[in-house]
Amino acid sequence: MEKRIGCIGCGNMGGAIMAGLARRGALWEGWGLAAATRTAARLEPLIELGVRPCQSGAEVAKSCRYIVIAVKPYQTDAVLRELAPYLTPDHVVVSVAAGVSMAALRESCGGACAVVRCMPNTPAKVGKGVFGLCLEDPALTPEARDDVQAMFAALGVCVELPESRFTAFSALIGAGPAYVFAMMQGLVQAGATLGFTWAQSREMVAALFEGSALMAARENTPLPQLRDEVCSPGGLTIAGVNALDRAGLNGLLVDAVLAADARGREMER
Ligand SMILES: NC(=O)c1ccc[n+]([C@@H]2O[C@H](COP(=O)([O-])OP(=O)(O)OC[C@H]3O[C@@H](n4cnc5c(N)ncnc54)[C@H](OP(=O)(O)O)[C@@H]3O)[C@@H](O)[C@H]2O)c1
């Protein structure tokens with residue numbers, strides 16, 4: 001079977017993954033991309049990027065070795081059960097469904113092929129996602145493992161995780177964009193308070209996060225040092241940072257992630 005990648009369910013996340021892969025076309029030369037989804041109109045932007053439309057999951061399975069399942073978590077079992085008769089040991093099913101376990105995926109596929117669990121976050125939509133990957137299925141060959149890692153590495157940063165770490169990953173990174181957007185909103189509000197227009201403020205704050213994130217990712221300098229380098233003694237920045245410290249920003253962020261992790265564990269039970 002050719003190393004094609006197919007997707008079933010091309011809404012926000014499936015559409016983002018397939019569009020991202022299609023845009024990295026050169027990397028996937030010779031692989032080919034195919035997709036099936038319930039509302040045909042959602043395939044149009046993907047077709048424009050060179051993705052082959054399929055009428056059904058079965059058609060995806062006939063031509064694609066790697067099958068990304070990106071329907072809602074509650075739809076995943078039914079979609080996989082319908083697909084199961086077309087799955088062979090050559091296939092690899094990659095589910096991005098939040099909270100659907102490896103055991104549940106294997107059962108829905110009737111044990112026909114290897115399964116991979118993936119937890120993406122929303123910046124995947126702009127090619128800057130962080131993907132948690134559980135590659136623990138013993139049926140996964142070393143070649144398939146490399147292919148799946150390469151596939152998601154083309155869309156952002158990949159972190160291989162045991163399934164037991166998925167809730168923690170979701171609380172920190174899956175939920176992470178919400179924390180970041182909340183912090184951005186506070187700064188945009190501050191900009192408007194200082195008389196910048198909302199639009200100016202938003203544009204400047206987005207660039208501030210992008211630039212700071214690049215520095216944090218590229219440099220080995222410890223974060224407290226990067227922060228202190230902005231704070232001249234007796235200056236304006238240290239006055240602002242002191243206010244953040246008095247409010248306990250670090251502790252608040254730790255509490256937010258722990259609350260999300262606790263809720264995730266509660267939902268698993
Ligand atoms: N969005 C995120 O930020 C995010 C983050 C982490 C994980 N995820 C996971 O990604 C998955 C998809 O989420 P989403 O936000 O992308 O949802 P979504 O936008 O609703 O996309 C789901 C797509 O699946 C299609 N679909 C439903 N049943 C189908 C079937 N039987 N055959 C083919 N296609 C079918 C839907 O068709 P219609 O267009 O007709 O409804 C829809 O386009 C979920 O499991 C979620 O847990 C999403």
Side-chain angles (χ1 to χ4, degrees), residues 5-22 33-47 49 51-64 66-87 93-105 108-109 115-134 148 151-152 155-159 161 163 165-182 257 260-261 263-264 267-268:
I5 302 170
C7 178
I8 300 176
C10 299
N12 288 315
M13 192 48 72
I17 289 172
M18 293 311 279
L21 291 175
L33 300 170
T37 201
R38 192 168 55 186
T39 305
R42 298 199 79 155
L43 287 183
E44 279 162 20
L46 295 178
I47 295 170
L49 292 170
V51 176
R52 187 169 64 83
C54 293
Q55 298 303 317
S56 63
E59 194 185 329
V60 171
K62 280 179 194 152
S63 61
C64 298
Y66 298 97
I67 306 177
V68 177
I69 305 291
V71 296
K72 291 283 188 198
Y74 74 90
Q75 299 164 326
T76 301
D77 177 57
V79 166
L80 285 176
R81 282 182 195 279
E82 213 179 298
L83 193 66
Y86 306 94
L87 295 174
V93 162
V94 181
S95 161
V96 297
V100 179
S101 69
M102 295 281 285
L105 293 172
S108 307
C109 293
V115 299
V116 169
R117 187 173 164 192
C118 170
M119 179 69 200
N121 69 355
T122 50
K125 293 177 191 170
V126 291
K128 293 280 179 193
V130 184
F131 300 89
L133 289 177
C134 177
V148 171
M151 182 169 136
F152 287 102
L155 299 172
V157 170
C158 275
V159 185
L161 296 169
E163 189 169 32
R165 300 296 291 151
F166 259 61
T167 306
F169 178 85
S170 303
L172 181 65
I173 301 298
Y179 312 139
V180 173
F181 295 137
V257 176
D261 184 59
R263 176 66 185 137
M267 286 162 70
E268 276 166 17

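Every heavy atom of this structure was used, including side-chain atoms; hydrogens, water molecules and symmetry mates were not. Just so you know, ligand 1 is whichever comes first in the structure, and atom 1 is the first atom listed for that ligand. Counting from 1, the numbers follow the sequence of the chain as shown.
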Against ligand 1, does G174 come closer than 4.0 Å with any heavy atom?
no

C109 versus V115: any side-chain heavy-atom pair under 4.5 Å?
yes

Between the candidates L43, V79, V100, V71, which shows the shortest non-hydrogen contact distance to atom 45 (O) of ligand 1?
V71

In ligand 1, the atoms that come under 4.0 Å of a heavy atom of A97 are 45 (O), 47 (O)

With a 3.5 Å distance limit and no angle check, can you tell me whether D77 reaches the backbone of S108 through a side-chain donor-acceptor pair?
no

For ligand 1, which atoms sit closer than 4.0 Å to a heavy atom of T37?
25 (C), 33 (C), 34 (N), 43 (O)

Hey, does R42 have a side-chain heavy atom less than 4.5 Å from the side chain of N12?
yes

Test your reading of the model: is there a side-chain donor-acceptor pair from E82 to the backbone of V79, 3.5 Å cut-off?
no

Taking everything shown except R165 itself, do over 12 heavy atoms lie less than 6.0 Å from its CZ?
no

Contact check: N121 vs ligand 1, nitrogen or oxygen atoms, below 3.5 angstrom
no

From the options L83, T76, V96, V68, select the one whose nearest heavy atom is closest to atom 8 (N) of ligand 1.
V96

For atom 48 (C) of ligand 1, what's the nearest protein heavy-atom neighbour? Residue, atom name and distance, please.
M13 CB, 3.9 Å

I would like to know whether V93 and L87 meet side-chain contact (heavy atoms from CB on, under 4.5 Å); could you show each step before the answer?
CA-CA 9 Å; V93 162; L87 295 174; 4.1 Å; yes

How far is atom 40 (O) of ligand 1 from its nearest protein heavy atom, and which residue and atom name does that atom have?
T39 OG1, 2.4 Å

Indicate yes or no: does an N/O atom of K125 lie under 3.5 Å from an N/O atom of ligand 1?
no

min-distance protein heavy atom vs atom 33 (C) of ligand 1 -> R38 N, 3.6 Å

Keeping S95 on the side-chain end and A97 on the backbone end, is there a donor-acceptor pair under 3.5 Å?
yes

What are the atoms of ligand 1, with element, lying closer than 4.0 Å to any heavy atom of P73?
44 (C), 45 (O), 47 (O)

Residue, atom name and distance, where the atom is the protein heavy atom closest to atom 27 (C) of ligand 1
Q75 OE1, 3.4 Å

Who's the nearest protein heavy-atom neighbour of atom 23 (C) of ligand 1, and how far?
G11 N, 3.6 Å

I'd like to know if the side chain of Q75 and the backbone of V71 have a donor-acceptor N/O pair within less than 3.5 Å.
no

How far is atom 47 (O) of ligand 1 from its nearest protein heavy atom, and which residue and atom name does that atom have?
A98 N, 2.9 Å

Side-chain donor or acceptor of R117 paired with backbone N/O of V100 under 3.5 Å:
yes

Side-chain touch F131/L155, heavy atoms, less than 4.5 angstrom:
yes

Taking atom 24 (O) of ligand 1 as the point of reference, which of A41, G9, P120 owns the nearest heavy atom?
G9

Derivation of the side-chain contact (heavy atoms from CB on, under 4.5 Å) call for V96 and C118:
CA-CA 5 Å; V96 297; C118 170; 4.0 Å; yes

protein heavy-atom neighbour closest to atom 39 (O) of ligand 1 works out as R42 CD, 3.1 Å

Contact partition for A78 relative to ligand 1, non-hydrogen atoms under 4.0 Å:
neither

What protein heavy atom sits nearest atom 13 (O) of ligand 1, and how far off is it?
K72 NZ, 4.2 Å

Would you mind finding which of C7, A175, A70 brings a heavy atom closest to atom 22 (C) of ligand 1?
A70

Taking atom CD as the centre, does E268 end up with more than 12 heavy-atom neighbours from other residues, nucleotides or ligands that are less than 6.0 angstrom away?
yes

Would you mind running through ligand 1 and noting each atom that sits below 4.0 Å from a heavy atom of T122?
3 (O)

Which atom names give the shortest non-hydrogen contact between P177 and P123, and what distance separates them?
CG-CD, 3.6 Å

Residue M119 vicinity, atoms of ligand 1 by number, heavy atom under 4.0 Å:
6 (C)

